[in-house]
Engineer: 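A single structure is presented below for examination.
In the text below, chain A, chain B and the rest are named by the order of the sequence lines, each starting its count at 1.
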Amino acid sequence: MLMMLPEVQVSDIARWEGQEVTLKGWLYHLRKKGRLVFLLVRDGSGTIQAVVFKKEVAPEVFDLAQSLSQESAIIVRGIVRRDERAPIGYEISVQTVVLVHAATDYPITPKEHGTGFLMDHRHLWLRSAKQQAVLRIRSRMMRACQAFFDDRGFLRLDTPILTPAACEGTTTLFETPYFGETAYLSQSGQLYNEATAMAFGKVYCFGPTFRAEKSKTRRHLTEFWMIEPEMAYADLDDTMDLAEDFLVYLAAQALEHCQQELRTLDRDLSKLEAIQKPFPRITYAEAVELLHSQGHDFEFGSDFGAPDENAISSQFHRPVMIHRWPADCKAFYMKRAPDEPNIVLGVDVIAPDGYGEIIGGGQREDDYGTLEARIEEHKLPRESFEWYLDLRRYGSVPHAGFGLGLERLVTWMAGIHHLRETIPFPRLMDRLQP
RNA sequence: UCCCCUGUAGCUCAGUCGGUAGAGCGAGUGGCUGUUAACCACUGGGUCGGCGGUUCAAGUCCGUCCGGGGGAGCCA
């Protein structure tokens, strides 16, 4: 008989007001009050309080309800009732409870826990309200990322994860044996994107990226997701325009679709509402001047560290675009400025409030001879880049693009402190488990 | 790789001057008809990270190894 009732989800419980329903889920929390038991039931779509009155149910049902342990799998049958006191506005008046599986000694209690403990129990931590909110935002942002580019005529063409050589030479790569050769896990899809862009015009890839750098900060994962658009017949300004539209769109999507989640996380919505065009665009030289004018000690020509980035971004309430960088601090494929040979047409987008670099990109070198010289300068294995040089042999055009780090985006949108919570199973320098 | 902090009950922590360990929460039992991290009472729960050293005596002091957290550099 139980199965004859409509099976409902907490997320659309309002539709079922006054009706008798079945809800399948897990016990998030339980509070007893004599002849009354409150079951907080989590079904993956949300959490609702189910109320069990002793006089309204069979004695064995009340005994069961009273003795349920945290995270036990249960099926609840009852009537959906509107209630002012409920956080989501509705409750279920329970008629029957079925125990599917009894959990014993669930390690994550409603009290405080340290990060190390929670990370060791990441597979269970995912069930907590805050983690659910963050990961729902992640899912929405992934969807929005794809929609944005799909709607603008970009073709999603994913690039390989197993690659024969370093894309950017400088960064450390993960190695893996490959039938007698060595393969490397991709640190960027960009070089391959340039090939598909020359074939399809506007493309993007979206997938995991690997960096074997020993970075131990709240902004680094060894495995993270990156979305990288690339456009043929485009320059630095086109890329900055695109990045700007993109971030404005993403913030709007978060505000439109993640209200509940952002509220769970106590996110200051005005911070997201402030992400509007135009973003300030300053050159590297202007950024250095800004640092100097604030009394910061900074040597022209080096890259900005986290404190420098924060000092710059704190001057603006919107993401700030820093463009035209010294060639020495950027990758070999960056296009040189026609007027200044030591400057490259790259751009970094720094998010406000210390969330740091969220986008990096720019225009690519499209001249065969110049690129060839750069490959030599950087002591890169020429053979591995022959195919890349081919793109400059056959119909080379100005082209540009960028990469956005998904986890950094979600950290920023959700307003949380550490990006390890924005991916279901984070891979960090010192953590491979679970 | 470097710098700082830390390791005591299932969890979060306290533990003074070196004298064999405590609290809150969780768990168990009982009570309570509106709780929101409920509350009240009782009960059980410890290789004080490992190894070595100093000492009559080490959670406490010293050495070393291991684990955890935070930060830097580099990057998205």
Engineer: Taking the C1' atom in each of G24(B) and U20(B), what is the distance between them to the nearest angstrom?
Structural biologist: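 My reading of the C1' atoms in G24(B) and U20(B) gives 24 Å.
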Engineer: Are more than 12 heavy atoms, taken from residues, nucleotides or ligands other than His121(A), located less than 6.0 Å from that residue's NE2 atom?
Structural biologist: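 Counting other residues, nucleotides and ligands, NE2 of His121(A) exceeds 12 neighbours.
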Engineer: Check whether more than 12 heavy atoms from other residues, nucleotides or ligands sit under 6.0 Å from atom CD of Gln19(A), and answer yes or no.
Structural biologist: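 Yes, enclosed.
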Engineer: What is the nucleic acid contact for Leu40(A), judged by heavy atoms within less than 4.0 Å: base, sugar-phosphate only, or nothing?
Structural biologist: nothing
Engineer: Select base, sugar-phosphate, or nothing to describe what Arg218(A) touches, counting heavy atoms under 4.0 Å on all strands.
Structural biologist: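 Sugar-phosphate, backbone atoms only, no base.
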Engineer: Quick one: label Ala86(A) by what it contacts on the DNA or RNA (base, sugar-phosphate, nothing), any heavy atom closer than 4.0 Å.
Structural biologist: nothing
Engineer: Base, sugar-phosphate, or nothing for Gln66(A), non-hydrogen atoms under 4.0 angstrom?
Structural biologist: nothing
Engineer: In the strands shown, is C61(B) matched to any nucleotide by a Watson-Crick or G-U wobble pair with both distances under 3.5 Å, and which?
Structural biologist: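 Across any shown strand, C61(B) pairs with G53(B).
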Engineer: Map Glu309(A) and Ala306(A) onto RNA chain B by nearest heavy atom, then report which one ends up closer to the 5' terminus.
Structural biologist: Ala306(A)
Engineer: Which part of the nucleic acid, if any, lies within contact of Lys216(A), taking any heavy atom under 4.0 Å across all strands shown: a base, the sugar-phosphate backbone alone, or nothing?
Structural biologist: base
Engineer: Assign His220(A) to base, sugar-phosphate, or nothing according to its heavy-atom contacts below 4.0 angstrom with the strands shown.
Structural biologist: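 Counting heavy atoms under 4.0 Å across all strands, the contact made by His220(A) includes a base.
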Engineer: If I take atom OH in residue Tyr106(A) and atom P in nucleotide G26(B), what distance separates them, rounded to the nearest angstrom?
Structural biologist: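 The answer, rounded to whole Å, is 16 Å.
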Engineer: Looking only at non-hydrogen atoms, find the nearest pair between Gly46(A) and Val10(A) and report the distance.
Structural biologist: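 So the minimum-distance heavy-atom pair works out to C-CG1, 3.6 Å.
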Engineer: G34(B) base to Glu84(A) side chain: any donor-acceptor pair below 3.5 Å?
Structural biologist: no
Engineer: Are Arg336(A) and Glu365(A) ion-paired here, with the side-chain N under 4.0 Å from a carboxylate O?
Structural biologist: no
Engineer: At under 4.0 Å between heavy atoms, what does Gly34(A) touch on the DNA or RNA strands: base, sugar-phosphate, or nothing?
Structural biologist: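 Touches a base.
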Engineer: Is Arg156(A) positioned over the aromatic face of Phe154(A), cation under 6.0 angstrom from the ring centre and no more than 45 degrees off axis?
Structural biologist: no
Engineer: Would you classify Glu407(A) as touching base, sugar-phosphate or nothing, given that sugar-phosphate means primed atoms plus P, OP1 and OP2, and contacts are heavy atoms under 4.0 Å?
Structural biologist: nothing
Engineer: Between the base of C32(B) and the side chain of Arg31(A), is one N or O donor paired with an acceptor at under 3.5 angstrom?
Structural biologist: no
Engineer: Roughly how far apart, to the nearest Å, are C2(B) and U60(B) at atom C1'?
Structural biologist: 30 Å
Engineer: With a 3.5 angstrom cut-off on both distances, give the Watson-Crick or G-U wobble partner of G7(B), or none if there isn't one.
Structural biologist: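 Partner of G7(B): C66(B).
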Engineer: With a 3.5 Å cut-off and heavy atoms only, can you find an N or O donor on one side and an acceptor on the other between the side chain of Thr109(A) and the base of C25(B)?
Structural biologist: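 Looking at the base of C25(B), it does not pair with any donor or acceptor on the side chain of Thr109(A) (distance under 3.5 Å).
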Engineer: By the 4.0 Å heavy-atom rule, please label His417(A) as base, sugar-phosphate, or nothing.
Structural biologist: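 Since only primed, P, OP1 and OP2 atoms lie under 4.0 Å of His417(A), the category is sugar-phosphate.
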Engineer: Is Phe224(A) stacked on the base of A76(B), with ring centres under 5.5 Å apart and planes under 30° apart?
Structural biologist: yes
Engineer: A38(B) phosphate, OP1 or OP2: any side-chain N/O from Arg85(A) under 4.0 angstrom?
Structural biologist: no
Engineer: Can you work out whether Arg219(A) or Ser69(A) has the more 5'-proximal nearest nucleotide on RNA chain B?
Structural biologist: Ser69(A)
Engineer: Distance check needed: G73(B) P versus Asn310(A) CG, whole Å only.
Structural biologist: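 One finds 10 Å between P of G73(B) and CG of Asn310(A), rounded.
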Engineer: Select one nucleotide: of U33(B), G73(B), C11(B), the one nearest the side-chain heavy atoms of Lys33(A).
Structural biologist: U33(B)
Engineer: Should His418(A) be listed as having a side-chain N or O under 4.0 Å from OP1 or OP2 of G69(B)?
Structural biologist: no
Engineer: Below the 4.0 Å mark, does G69(B) have OP1 or OP2 next to a side-chain nitrogen or oxygen of Arg431(A)?
Structural biologist: yes
Engineer: Using the ring pair (Phe, Tyr, Trp, His ring centres under 6.0 Å) rule, pick out the option among Phe149(A), Tyr204(A), Phe279(A) that qualifies with Phe246(A).
Structural biologist: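 Of Phe149(A), Tyr204(A), Phe279(A), ring pair (Phe, Tyr, Trp, His ring centres under 6.0 Å) with Phe246(A) is met by Phe149(A) alone.
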